[in-house]
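The structure appears right after this line, and notes come after that.
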Amino acid sequence: MYDYEDDEDDLFGPPPKIAPTPLKQGINFRQELNDDQFLAVTAEDGPALVLAGAGSGKTRTLTYRVAYLLEQGVPPESILLLTFTNKASRQMLERVEELTGVGTHRFLGGTFHHVGGQALRLFGDLIGLPRSFTILDDSDSDSLLNEVIREIDPEFFKAKDNPKAKPIKGLISFARNVGKDVEEVARARYPANRDLLTKINQFFEAYSRTKLARGLTDYDDLLVFWLTLMEKHEEPRQYFQNRFSHVLVDEYQDVNCLQANIVDLVISNHQVMAVGDDAQCIYTWRGADLDQILSFPERHPGTKIFKIETNYRSSPEILQLANGILANRTAEKSFSKELKASRPHQELPRVVPTLDAYQQADFVISKIQDLYNSGAEYDQIAILYRAHYHAMELQVELSRRGLPFLITSGLRFFEQAHVKDLVAQIRFVANPKDSTAFLRFACLLPKVGEKTAIKLLKIAHKIAQDKSSSICEVLGDEKVLNKVPKDAKEDWESMSETLSQIHEVASTSSPSMVVEEAIGGWYQLYLRSTYENWPRREEDLESLVDFASKHESLAEMLSQLVLLSSESGDRVMRQGESCIRLSTIHQSKGLEYPHVFIIGLADGLFPNKRAIDGEGDLEEERRLFYVASTRAERSLHLTYPSLANQKGTPVRLMQSRFLKELPESRYELHNAHGQYRYGREKSYGNSKWGNFGGGYRKY
């Protein structure tokens, strides 16, 4: 929890009457900025929208804009800077201090949530919120909602099809940020469960009342209540509309409906500059609203649009490819923009089709070794992907070859909780004495802790011994069930049935069939009721089917998993060690690397299947490709597998439609197939390549 009473901010009050701010001398705006930046920085009063392309110096433009306002006599206390991270605000204001000598403490800058919290500290009593309100962190708010749900419906969590508190809270949060009714969002996510829709709305209303009664807020309240105060109460509205003379908003393409409404109210009497890039709007799945930046000129008549298009990051060849990606956007849903190069020429980006994900991994690693041998450091190299599971084979090979790498987007594939949970069930089936594996998944059940799980396991072992049966066949025995906590009985029966089925399949079928059986059992219900992002987690688990198909026995597969987990999880990086960076594209936004590989560029992977089928946003997938490409400075490789294994069956993949749209002059086609001729095997590590189903597969 975080108490705002301890977070005093002297700036958040009436603007002090002070003498003009003495500035450092010698800022030559004309000389220190390019033409595009200079026009934006020195813009006359009035609403302004700055469209800053990738690598074009957006932060520099904002920093110099603040410095320019100070030079024009605007007091620092009258400037409000809204950002999406405190780090971004701090870096900008520190740079302003270097330029002008004006201390960072004299500005109000920070995230929407930070400023919203300060607004509630001043005016929260108007909506019944005490000055000493406490902010709940993510886990605390989960616990409170869980408590509220149990009070309203003690039986709710006992039903298999009902979600747990965390995904319900995620649903509520999304609805509030996009300005929709909670019931409307619930209807879209759970269309077949009408009773659930009404209950979720009841839970939301009770959760809201409980927070207010206890003097608590969650993160969403900081924005929702801030907007409510300005919409319904004259005093806070007048305060914000008179307190700041200039408002600057960073990363405007990422604002959601709630944040955009706040900005529109705050700036009613102010000069506003919104800075962003519609081509880099890639977070609509969590509420970002592209229409807000597109409609900014309509909502603010007289808006001047400035385009900053000179790129200081990438080679001309990479920028030509990036411009080609943007050229295929829908015109009415975008601003026109063309990145211009300032760096020297390099080689053309390379498009590299491979036979499958393992040959893709082999090609990428071989090219990385070439770069390293040519003088590149490992930390100058990034491998980007659309979804975490796309990099599983690559992580396997990097671990086997002992190459240092870091996952900047989270845990390594085999360290993820849902992967470990599923593997634990298979481990237990293979070795019923593996109590550690049993505890991992049994303790996921309600009211089942380690002591209870161990007690139940001992009872099951005794029954299995007496009946000369497998323990997986007796976990659902009545003697065991009688000792299972009441709240866990239904889940225990489902879990026991799944383990019995896995055991049956394991005795007659391949490892891939075992994994497939485990994915479709009890744990699938657990995933869907526990995690809001369960579709992505299921994709991760389904990719294990392909991994399992490379092994002849379950024991061999499990041994390999343990080895990989040990190699990837226990290896301690030496201080200052240079590591290859692996990241989802979403996590790479704002970063840059001399050498970039984008893997998995096949239809169904990138763009993903949901977008192709119309369930997702194909244009956002295109923007994601643009963001990924513009991370590269000197070299860019675009790879894709031609074959994939879907539940044990080889399936042909087609190159991404985004690649097909590009003129061939924008890239060089590289044939990786030629490195591995039919009938030849290439051995490395504990595996080898061989001819399989018309292509090379690893087994």
Side-chain angles (χ1 to χ4, degrees), residues 4 49 80-86 88-89 108-124 126-127 129 133 135-136 138 141 145 168-186 188-189 200-201 204-205 207-208 211-212 216-233 236-237 239-241 244 247-268 270 272 274-276 278 281-296 298-300 532 617 620:
Y4 250 95
L49 177 61
L80 173 62
L81 176 61
L82 290 171
T83 62
F84 276 82
T85 67
N86 283 312
S89 171
L108 180 62
T111 65
F112 281 86
H113 292 87
H114 171 74
V115 179
Q118 296 296 324
L120 297 187
R121 187 182 65 176
L122 284 178
F123 301 109
L126 294 174
I127 55 173
L129 190 67
F133 71 90
I135 301 175
L136 298 169
D138 201 41
S141 55
L145 181 58
I168 292 176
K169 195 193 75 179
L171 183 155
I172 291 170
S173 175
F174 181 82
R176 300 179 81 193
N177 279 280
V178 300
K180 293 183 178 179
D181 291 334
V182 169
E183 193 168 341
E184 179 185 351
V185 175
R189 296 196 183 179
I200 286 179
N201 203 51
F204 164 58
E205 291 174 352
Y207 174 62
S208 300
K211 284 184 295 178
L212 204 56
L216 304 172
T217 69
D218 59 23
Y219 287 122
D220 296 325
D221 290 328
L222 302 180
L223 302 187
V224 172
F225 289 165
W226 182 13
L227 181 61
T228 299
L229 283 169
M230 291 191 294
E231 286 180 333
K232 297 185 177 180
H233 298 277
R237 180 168 62 252
Y239 174 83
F240 277 99
Q241 292 180 352
F244 304 101
V247 178
L248 294 89
V249 188
D250 189 19
E251 301 286 9
Y252 195 79
Q253 78 279 349
D254 292 334
V255 298
N256 56 41
C257 178
L258 177 57
Q259 291 162 329
N261 287 338
I262 288 171
V263 171
D264 286 354
L265 264 177
V266 169
I267 66 176
S268 291
H270 304 315
V272 60
V275 182
D278 59 299
C281 179
I282 59 173
Y283 297 110
T284 61
W285 50 275
R286 68 183 189 194
D289 187 353
L290 178 64
D291 287 340
Q292 298 302 329
I293 190 169
L294 296 180
S295 65
F296 186 90
E298 297 173 19
R299 301 198 317 276
H300 305 285
E532 192 179 5
D617 187 344
E620 181 155 354

- Please list, chain by chain and in numerical order, all residues satisfying salt bridge (charged side-chain N to carboxylate O under 4.0 Å, His left out) with Asp250, sequence neighbours excluded. Lys58
- Residues forming a side chain to side chain contact (heavy atoms under 4.5 Å, CB included) with Phe84, sequence neighbours excluded: Phe112, Glu251, Asp254, Val255, Gln259
- Message: Let's go through Ser268 and Phe240 carefully: what are the C-alpha distance in whole Å and the side-chain angles of both, what is the deciding distance for side-chain contact (heavy atoms from CB on, under 4.5 Å) to 0.1 Å, and is it a yes or a no?
- Response: CA-CA 9 Å; Ser268 291; Phe240 277 99; over 6 Å; no
- Any idea which heavy atoms bring Ala175 and Val185 closest together, and the distance? CB-CG2, 3.5 Å
- Is there a side-chain contact between His114 and Gln118 (heavy atoms, below 4.5 Å)? yes
- Query: Would you call Leu248 and Leu80 a side-chain contact if the rule is heavy atoms closer than 4.5 Å?
  - Reply: no
- First locate atom CG of Asn261, then atom CG of Leu265, and finally report the distance between them rounded to the nearest 0.5 Å. 7.5 Å
- Check whether any side-chain heavy atom of Leu81 sits under 4.5 Å from a side-chain heavy atom of Leu108, and report yes or no. no
- Message: Quick check for you: to the nearest 0.5 Å, what is the distance between Asn256 atom CG and Leu223 atom CG?
- Response: 7.0 Å
- Note on the structure: Hits for side chain to side chain donor-acceptor pair (under 3.5 Å) against Asp138, two or more places apart or cross-chain, chain-then-number order -> Lys166, Lys169
- Item | Those residues that, when tested against Arg299, pass side chain to side chain donor-acceptor pair (under 3.5 Å) (two or more places apart) | Tyr252, Asp264, Gln292, Ser295
- Message: The test is side-chain contact (heavy atoms from CB on, under 4.5 Å); show your working for Val249 and Val275 and say whether it passes.
- Response: CA-CA 6 Å; Val249 188; Val275 182; over 6 Å; no
- Message: Measuring only between side-chain heavy atoms, which start at C-beta, is Phe296 closer than 4.5 Å to Val272?
- Response: yes
- Task: Indicate yes or no: at least one non-hydrogen side-chain atom of Ser141 is less than 4.5 angstrom from one of Tyr219.
- Result: no
- Which residue, Leu136, Val224, Leu129, forms the side chain to side chain contact (heavy atoms under 4.5 Å, CB included) with Thr217? Leu129
- Query: Got a donor-acceptor contact below 3.5 angstrom from the Gln241 side chain to the Ile267 backbone?
  - Reply: no
- Item | All side chain to side chain donor-acceptor pair (under 3.5 Å) counterparts of Ser89, not counting sequence neighbours | none
- To the nearest 0.5 angstrom, please state how far the CZ atom of Phe174 sits from the CG atom of Leu171. 9.0 Å
- Message: Can you confirm whether or not the ring centre of Phe123 sits under 6.0 Å from the ring centre of Trp226?
- Response: no
- Message: Just verifying a value: how many Å separate Lys211 NZ and Ile135 CD1, rounded to the nearest 0.5 Å?
- Response: 11.5 Å
- Message: Checking Asp220 against Asn177 for the side-chain contact (heavy atoms from CB on, under 4.5 Å) test, could you report, in this order, the C-alpha distance in whole Å, the side-chain angles of both residues, the deciding distance, and whether it holds?
- Response: CA-CA 7 Å; Asp220 296 325; Asn177 279 280; 3.0 Å; yes
- Minimal non-hydrogen separation, Leu145 against Ile172, with atom names: CD2-CD1, 4.4 Å
- From CA spacing to verdict: side-chain contact (heavy atoms from CB on, under 4.5 Å), Leu120, Leu222: CA-CA 7 Å; Leu120 297 187; Leu222 302 180; 3.9 Å; yes
- Note on the structure: Of all heavy-atom pairs linking Leu229 and Gly124, the shortest is CD1-N, 4.5 Å
- side chain to side chain donor-acceptor pair (under 3.5 Å) involving Asp278 - partner list, sequence neighbours excluded: Arg329
- Query: So do the side chains of Leu258 and Val178 get within less than 4.5 Å of each other, counting heavy atoms only?
  - Reply: no
- Side-chain (Asp221) to main-chain (Asp218) donor-acceptor, under 3.5 angstrom: yes
- Query: Where is the tightest heavy-atom contact between Phe133 and Gly117, given as atom of each residue plus distance?
  - Reply: CZ-O, 3.7 Å
- Closest contact, heavy atoms only, Ile200 versus Ala186: CD1-CB, 4.1 Å
- About how many Å separate CG of Asp289 and SG of Cys281, when rounded to the nearest 0.5 Å? 8.0 Å
- In Å, rounded to the nearest 0.5 Å, how long is the span from OG1 of Thr111 to CG of Asn86? 4.5 Å
- Item | For the student: nearest non-hydrogen atoms of Lys232 and Arg237, plus distance | N-NH1, 4.3 Å
- When you check the gap from the basic side-chain N to the acidic O, do Arg176 and Asp181 get nearer than 4.0 Å? no
